[in-house]
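Taking it in order: structure first as structure tokens, then the write-up.
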Amino acid sequence: MKNIAVFASGRGTNFSAIIKAARKGIIKADLSLLVCDNAHAGAIARARRAGIKVALIKKEDLPRKRDFENKIIQHLEENKIDLIVLAGFMRLLSAEFVAKYKNRILNIHPALLPSFKGSQAIKDAFNYGTKVTGVTVHFVDEKTDHGPIILQEAVKIKQGDTLESLEKRIHKVEHRLYPQAIKLFLEGRLKIRGRKVENNLIISK
Ligand code: GAR
């Protein structure tokens with residue numbers, strides 16, 4: 001079985017969706033570790049409830065990025081981590097870190113990349129007035145919200161939507177899409193060719 005580390009900074013609802021998918025056997029791997037950079041993150045309580053080890057690594061304690069990342073690497077190596085799953089981890093990883101785990105880091109972003117990169121994507125799309133936004137799961141490369149795309153799903157912005165109602169629908173899609181992408185990875189079904197990811201599974205809604 002492969003070992004997964006989930007990185008999260010906030011509420012951790014995607015983390016919970018991943019835990020559920022592992023319980024159901026959709027994700028066949030050990031959720032070995034939560035890496036968290038925020039002592040107040042809801043994700044920590046979710047990990048404790050699920051019996052998953054937590055590595056709390058705070059920027060305040062390790063202000064130099066290199067020290068911060070070396071500490072993370074130490075935990076990843078101790079736990080023999082094969083795959084890193086970013087689920088609302090709000091610290092950018094250095095090019096060196098990404099190179100070390102090349103093609104073994106996944107991220108979820110609440111917009112249809114390459115539109116609306118950054119940390120406020122749902123709000124940015126809503127305020128821009130787009131009629132369609134969505135969710136992207138992608139491999140992480142050295143540029144922010146940029147690596148090869150694994151799965152995407154569109155979410156329509158309806159007349160009468162509020163930011164909150166849109167957020168709700170986006171999160172619902174995230175919680176379904178991320179476990180599917182992780183499953184594809186674990187089954188060795190994702191082939192990266194340049195910028196493109198090919199998979200041999202047709203996903204039905
Ligand atoms: C998710 O919506 C995720 O897509 C977003 O943070 C949220 C975390 O929610 N990530 C980004 O914006 C990355 N650029 P969660 O803590 O409830 O899973």
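Counting convention: from 1, in listed order, for ligands and their atoms alike. We're numbering straight along the sequence, starting at 1.
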N/O contact list for ligand 1, threshold under 3.5 Å:
from, atom 1, to, atom 2, distance (Å)
ligand 1, 2 (O), Glu174, OE1, 2.9
ligand 1, 2 (O), Glu174, OE2, 3.1
ligand 1, 4 (O), Glu174, OE2, 2.3
ligand 1, 14 (N), His109, ND1, 3.1
ligand 1, 14 (N), Gly118, O, 3.4
ligand 1, 16 (O), Arg11, N, 3.4
ligand 1, 16 (O), Gly12, N, 2.7
ligand 1, 17 (O), Arg11, NH2, 3.4
ligand 1, 17 (O), Thr13, N, 2.9
ligand 1, 17 (O), Thr13, OG1, 2.6
ligand 1, 18 (O), Thr13, N, 3.3
ligand 1, 18 (O), Asn14, N, 2.9
ligand 1, 18 (O), Asn14, ND2, 2.9

Original post:
Residues in salt bridge (Lys or Arg N to Asp or Glu O under 4.0 Å) with Arg46, at least two apart?
Top reply: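 With neighbours one apart ignored, the set is empty.
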
Electrostatic pair Arg169:Asp161 at N-O distance under 4.0 angstrom: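 Yes.
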
Margin query: Taking the basic N atoms (NZ, or NE/NH1/NH2) and the acidic carboxylate oxygens, is any pair closer than 4.0 Å for Glu77 and Lys100?
Written below: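 Salt bridge present between Glu77 and Lys100.
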
- [ ] Could you verify whether a donor N or O on one side chain and an acceptor N or O on the other, from Ser9 and Asp37, lie under 3.5 Å apart?
- [x]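 Indeed, the side chains of Ser9 and Asp37 share at least one donor-acceptor pair under 3.5 Å.
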
task: Look at the rings of Tyr128 and Phe116 and say which category their plane angle falls in: under 30° parallel, 30 to 60° tilted, over 60° perpendicular.
output: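 Answer is perpendicular, since the angle exceeds 60°.
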
*Parallel, tilted or perpendicular: rings of His175 and His171 (30°, 60°)*: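 Answer is parallel, since the angle falls under 30°.
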
